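Taking it in order: structure first as structure tokens, then the write-up.
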Amino acid sequence: MFIQPLVPAGHSLVLSFLLAAAPILTTLVLMGVLRRPAWQATLGGLIVGVIMALGVWGLPVSLALASISNGVIFSFLPVMWIALSALFLFNIAMESGRFDAFRQWIITHLPNDRRIMLVVLGFCFSAALEGVAGFGTPVAITSALLIMLGFPALEALTYVLIFNSAPVAFGGLGIPITVLASITGLPADTLGATIGHQIAPFAFFIPFYVMVLYAGWSTLRQIWPVLVVASGSFALTLVVVSSWVTYSLTNVLSSCISLLATIAFLKIWQPTPDPAHAIDDRILQQAPRKAGDWNGPHWQGWIPWITVVLVVIVWDSLHIAKIGAMPIHWPGLDHQVFISLYQKPYAAVWNFEPLGTGTAILVSALLTALFTRLAPRRIWAALVTTARQGWLAVVTVALTIGLAFLMNYSGMTYTLGYAVASTGVLFPFVSVFLGWIAVFLTGSDTSGNALFGNLQVAAAHQLSLDPVVFASANSSGGVMGKMISPQNITTGVAVTSLKGQEGVVLARTFKHSLFLTICLGVMVAVQQFIMR
């Protein structure tokens, strides 16, 4: 059995921390500074990770290969299965003309103002998609819609990535919190309520923040009422549902109420028309990019999205994902590593779920094709387009999660966590960066909670701090890392003209991710030392 060393580099925690961070720093520099495509950046990070794991942490080659292969398979199912199924749904909507119908519905029923479009689609609609899919697909679908409405691709993707941070902690019907509770042994409802209190101020603040980035401070005087309605209804519902109803429905209800409240409010109030932010007349009259003209009722543009929300909720309620599910103990890796930090063997179990969320979304796509009477050749065309859009994202995500698993089983991840937990009185401030790092690596708040949730609790006990606050901080911190995750960015660019320019996107979002994470650190410190 391989015993993970916590301080392998000359008994120096600082040096060990820097070497453990080298794969992450390599990926960030290659993407954000040298502007290399995401697959090249993550490949570079994986190469550095292998060198560190074998040469510094002393991980045997067989275990290194087993951990990487485990991560690669996990990236296929469930991660990219969900993402590709959602992209297939998007392409079914495109081929059937319903995506253009949705564009026409938006143009017809919302003010001719790109700022309003950005709030309704980038914040409210994207959050609803995050509630059922996640893994970058809300970013891809929403940014594609904004591009069809005349937004430059880089602007659309950047702003949706920042917006997408608000609903992540409760995404996928609350699965990140379910996993966090199972890992830490803390009550899921208590964790959900605490995370709701941590995230709610940011859910309210982020629409104002993005609007200033997009249109400047002066725009707040013109559209602040709709910002208050959109962000206020989302944040208020988030707190109420997570605290007194159920964490699993928090994101779905918050986003739906925010979307409905905002659209209803715009029926009785609209900003003063501003030609600088009006949609170009050529965009208003443009024909669909695929499937010919759409001459039917515009409300049919909602069919794909209502279908997927209902199917996923029913799927979860009936526990269909558990049918045929089985745990597979990874050969040559399961219980072959001893976690020094936790003093226990490291399990390596891949949960095979053939009827998981990805399959539910695939069923939604096929039902959408049935409801819209889409011809088989059009369904095949959507499938081919999905494969063309998604193959590079599959490669990138496989490399990214392969690196994450390698860092986990070699002990590099735990060295990072041990170093951060050793900051003592500063731990309440920096603990959010553990979640931030975990989600950067895995692209998933669920995986980030599984990775560092226990560490946060152990450190909190050592420092006589509230374990619920810091387990929650892990999930909330991960939310802010979502916008810089190679996985999230790569899936987001899949349907835009930005393929190969993931580094440009990362450079645009990194400073916002860092700023919001620091603000969250202050919030957690206040929650621990002032509010308790």
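Numbering starts at 1 and runs along the sequence shown. Side chains are part of it too, since the values below use all heavy atoms of this structure and drop only hydrogens, waters and symmetry mates. Keep in mind the model is a prediction, meaning the values are calculated, not measured.
Between F427 atom CZ and Q456 atom CD the span is 4.5 Å, to the nearest 0.5 Å. In this structure, CG in L465 is found 4.5 Å from CZ in F470, a value given to the nearest 0.5 Å. Taking CD1 of I489 as the start and CG of L506 as the end, the distance is 5.0 Å to the nearest 0.5 Å. The CD1 atom of I141 sits 12.0 Å away from the CG atom of L146 when rounded to the nearest 0.5 Å. With values rounded to the nearest 0.5 angstrom, L392 atom CG is found 10.5 Å from T491 atom OG1. One finds the CD1 atom of I484 at 5.5 Å from the CZ atom of F510 (value rounded to the nearest 0.5 Å).
When all heavy atoms of T42 and P486 are compared, the closest pair comes out as CG2-CB, 3.8 Å. Between S16 and W57, the shortest heavy-atom contact is O-CH2, 3.6 Å. Closest non-hydrogen pair, W315 versus A321, comes out as NE1-N, 3.9 Å. Residues G71 and I401 share a closest heavy-atom pair of O-CG2, 3.4 Å. V239 and S242 get closest at one heavy-atom pair: O-OG, 3.3 Å. Residues P138 and S126 approach most closely at CB-O, 3.6 Å, considering heavy atoms.
Residues F170 and I177 have side chains in contact (heavy-atom distance under 4.5 Å, counting atoms from C-beta outward). Q501 is not listed as a side-chain neighbour of L154, based on a closest heavy-atom distance of 4.5 Å or more. S410 is not listed as a side-chain neighbour of M52, based on a closest heavy-atom distance of 4.5 Å or more. You'll find the side chain of L59 reaches within 4.5 Å of the side chain of L406, heavy atoms only. Residues T246 and S248 have side chains in contact (heavy-atom distance under 4.5 Å, counting atoms from C-beta outward). Looking only at side-chain heavy atoms (C-beta outward), F125 and S255 stay at 4.5 Å or farther from each other. In this structure the side chain of L333 reaches within 4.5 angstrom of the side chain of L63, judged on heavy atoms. Annotation: side chain of Y409 is in contact with side chain of N70 (closest heavy-atom distance under 4.5 Å).
With a 6.0 Å radius and a threshold of 12 heavy atoms from other residues, nucleotides or ligands, W39 has its CH2 atom at or below the threshold. Other residues, nucleotides and ligands place more than 12 heavy atoms under 6.0 Å from the CZ atom of F204.
Side chain of T27 to main chain of P23: a donor-acceptor pair is present (N/O by atom type, distance under 3.5 Å, no hydrogens or angles). One N or O on the side chain of Q528 and one on the backbone of D466 form a donor-acceptor pair closer than 3.5 Å. At distances below 3.5 Å, at least one donor-acceptor pair connects side-chain atoms of S254 with backbone N or O atoms of L238. Checking side-chain atoms of D316 against main-chain N and O of V312 turns up no donor-acceptor pair under 3.5 Å. The backbone N or O of E155 sits nowhere less than 3.5 Å from a side-chain atom of T158 that would complete a donor-acceptor pair. No donor-acceptor pair closer than 3.5 Å links the side chain of E502 to the backbone N or O of G492. For the pair S513 (side chain) and T509 (backbone), a donor-acceptor distance under 3.5 Å is absent. Of the possible donor and acceptor atoms, none in the side chain of S85 sits under 3.5 Å from a partner among the backbone N and O of I82. The backbone N or O of P354 lies less than 3.5 Å from a partner atom in the side chain of T359, making a donor-acceptor pair. In this structure, Q4 contributes its side chain and N408 its backbone to a donor-acceptor pair below 3.5 Å.
Side-chain contact check for S67 and W330: no donor-acceptor pair (N or O, by modelled atom type) lies under 3.5 Å.
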* Check the pair Q336, F2 against side chain to side chain contact (heavy atoms under 4.5 Å, CB included), reporting the backbone distance first and the verdict last. => CA-CA 6 Å; Q336 297 302 306; F2 171 71; over 6 Å; no

Note to self: side chain to side chain contact (heavy atoms under 4.5 Å, CB included) for I162 and L213? Distances and angles first, verdict last.
What the structure shows: CA-CA 11 Å; I162 299 173; L213 294 177; 3.9 Å; yes

| request: Determine, step by step, whether V432 and M480 satisfy the side chain to side chain contact (heavy atoms under 4.5 Å, CB included) criterion, reporting the C-alpha distance in whole Å, the side-chain angles of both residues, the deciding distance to 0.1 Å, and the verdict. | output: CA-CA 9 Å; V432 294; M480 304 308 175; over 6 Å; no

- Query: Where do L46 and I68 land on the side chain to side chain contact (heavy atoms under 4.5 Å, CB included) test, with the steps shown first?
  - Reply: CA-CA 9 Å; L46 179 59; I68 293 172; 4.1 Å; yes

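Aromatic ring pairs are classed by plane angle as parallel below 30°, tilted from 30° to 60° and perpendicular above 60°; the pair F163 and F123 is tilted. Between F433 and W436, the ring planes are perpendicular. Angles over 60° get that label, and only those under 30° would be called parallel.
Partner of N488 under the side chain to side chain contact (heavy atoms under 4.5 Å, CB included) criterion, out of L161, V493, V505, T400: L161 alone. The residue from T142, N164, N251 that alone fulfils the side chain to side chain donor-acceptor pair (under 3.5 Å) condition with E130 is N164.
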